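What you see is a predicted model; the values in this text were computed from it and never measured.
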Amino acid sequence: MKINRRIIRTVLVYAVYILGLGLLQTILPDRAAILGVKPDLTLVLAILAGYLFGQRDGMAVGLLAGFMRDALAGRGLGLGMLLLMYAGLFAAVAFRRFFRRNISLGLILVILGTAIYHLVITFLTFAVPVLPGVVYTLSGLYQHMLQILPGALIVNFLVGIPMILLLYYAGPYRRGGRPEEDDEDEERNVGDGLWQTK
Amino acid sequence: MSKPRKNRIFAIVLITLLLLAVTLLSTLPGSPLNFITSPISILLEPVQKGLSKTVDQVNGFFSALSESIDIQAENQRLKAENAELRNQVDQLAEAGRQYEELKSAFKLKSRFDAYEIVGGRVMTREIGSWFDVFRIDVGSRDGFRVTETMSYAVVDAQSQLVGRLMATDLASGKVLPLLHEGFAVSAKVNTVSSPLFRVRGDFDLKEQTLCLIDQIPLNARLQVGDEVITSGAGGLFPAGIPIGRIVQVLENDDRNQRQAYLQPYVDLENIQTVFVMKAEDHED
């Protein structure tokens with residue numbers, strides 16, 4: 001019974017985050033942009049969910065947030081899901097061997113994740129153009145990526161600050177309410193069980 | 001390697017392959033996969049409208065506050081009242097603008113009388129450079145069904161070209177704007193018996209809000225300032241929809257490779273209401 005309530009709370013909180021941030025992202029005014037780039041809220045959410053709560057959460061949040069992105073503004077279905085799923089997985093795996101999960105490292109991971117995301121999508125757009133008949137040059141796409149990357153890094157870092165605090169303090173798990181680790185194949189204790197003891 | 005880890009890697013690989021297949025299939029015009037988004041569109045439609053309205057109001061409020069920042073401290077009460085009134089004025093102005101747009105739509109209807117014109121509101125905008133189509137609240141329930149051979153022209157209230165419908169689900173449609181590199185339309189200069197050429201979006205020009213003109217015939221004389229309209233060739237876009245003006249002509253040694261830049265009339269940044277055109281003899 002207790003477990004069910006915990007799961008329901010987790011699902012509900014994630015649903016609110018994914019729906020709310022997904023919608024907010026598509027109606028943000030231009031004034032929210034830095035160097036012409038608006039924050040990528042769902043990308044930051046997937047990265048932070050993976051970083052703070054492990055592979056399973058990162059993957060699930062990435063998939064669902066990616067679906068929202070594809071449904072609302074994607075040229076097709078699937079690409080956003082794929083990218084954000086890997087963003088969540090990457091965040092869950094990166095740094096884990098060497099560092100404990102804390103807020104400042106989470107923000108560094110947001111910057112790193114944003115940069116890798118733009119690199120990957122640049123290559124994917126070149127390799128698998130989503131629109132038939134459209135031909136891209138790799139150099140053109142790369143130049144474009146270089147133009148938007150500084151703004152994307154700054155703006156995602158800035159929105160990462162309130163978001164990591166939100167997930168940390170009002171996240172899908174109560175502080176201290178997730179004693180066991182969901183990444184059952186991991187040898188080390190990670191996730192809530194680790195960072196809450198600090 | 002432990003069994004759970006093996007299973008997880010297997011699941012990730014499977015999901016990746018599945019998503020790649022979905023990505024490729026969903027790009028096909030008229031793909032039934034696009035209807036997967038119908039439930040979410042229906043569910044989110046009222047939420048999105050409410051949220052958009054709230055954001056507009058908050059935006060208006062902050063605009064009003066920032067504009068009145070120079071007012072003296074002792075005028076705080078008046079400043080707040082002023083901001084509130086200004087907010088109300090903004091909302092009334094917006095309502096008036098929408099009324100004007102609807103009034104223009106009637107003119108639109110009389111101008112393209114062989115077309116059914118359906119008005120729609122922009123629900124969501126692009127998410128960055130890579131997820132860059134916008135959604136409107138016009139979908140297959142309004143009789144618009146995009147297939148491999150059928151799409152629909154989208155114009156603004158002044159009947160200026162906005163783009164084309166690229167996918168629909170039950171409650172919403174995705175619009176490919178004319179600045180997008182996937183967009184192309186047959187066009188001509190707005191003069192009698194002008195040769196036809198192609199206007200298309202270009203990846204490098206998108207940030208400058210310009211379109212590229214190419215496939216210009218040898219006998220075509222293009223000049224800066226010429227107005228460009230749709231030619232009607234191809235049947236998707238009716239003839240005579242204004243697209244924009246030529247701002248630069250790029251001559252080339254090889255006259256077959258001539259190009260020009262076009263500044264579209266439509267203001268995609270601020271557009272809120274669009275109109276989708278459907279030929280009246282078109283089967284639903």
(message) At a 4.5 Å cut-off on heavy atoms, which part of Ile12(B) comes close to chain A: side chain, backbone, both, or neither?
(response) both
(request) With a 4.5 angstrom heavy-atom cut-off, could you sort out which part of Leu19(A) is near chain B: side chain, backbone, both or neither? (result) side chain
(request) Using a cut-off of under 4.5 Å on heavy-atom pairs, state which of Asp70(A), Leu24(A), Thr42(A) scores highest against chain B. (result) Asp70(A)
(message) I'd like to verify something: which residue of Ala73(A), Ala152(A), Gly78(A) has the highest number of heavy-atom pairs under 4.5 Å with chain B?
(response) Ala73(A)
(message) Under 6.0 Å between ring centres: does that hold for Tyr117(A) and Phe123(A)?
(response) no
(message) For chain B, which candidate among Lys38(A), Arg69(A), Met145(A) shows the most heavy-atom pairs at distances under 4.5 Å?
(response) Arg69(A)
(request) Indicate whether the side chain of Thr137(A) and that of Tyr142(A) have a donor and an acceptor atom separated by less than 3.5 Å. (result) no
(message) Any carboxylate oxygen within less than 4.0 angstrom of a Lys/Arg side-chain nitrogen, looking at Asp214(B) and Arg198(B)?
(response) yes
(request) State, to 0.1 Å, how close Ser231(B) and Leu196(B) come at their nearest heavy-atom pair, and which atoms those are. (result) CB-CD2, 3.5 Å
(message) With a 4.5 angstrom heavy-atom cut-off, is it the side chain or the backbone of Leu89(A) that approaches chain B, or both, or neither?
(response) side chain
(request) Verify whether the ring centers belonging to Phe144(B) and Tyr152(B) lie closer than 6.0 Å. (result) yes
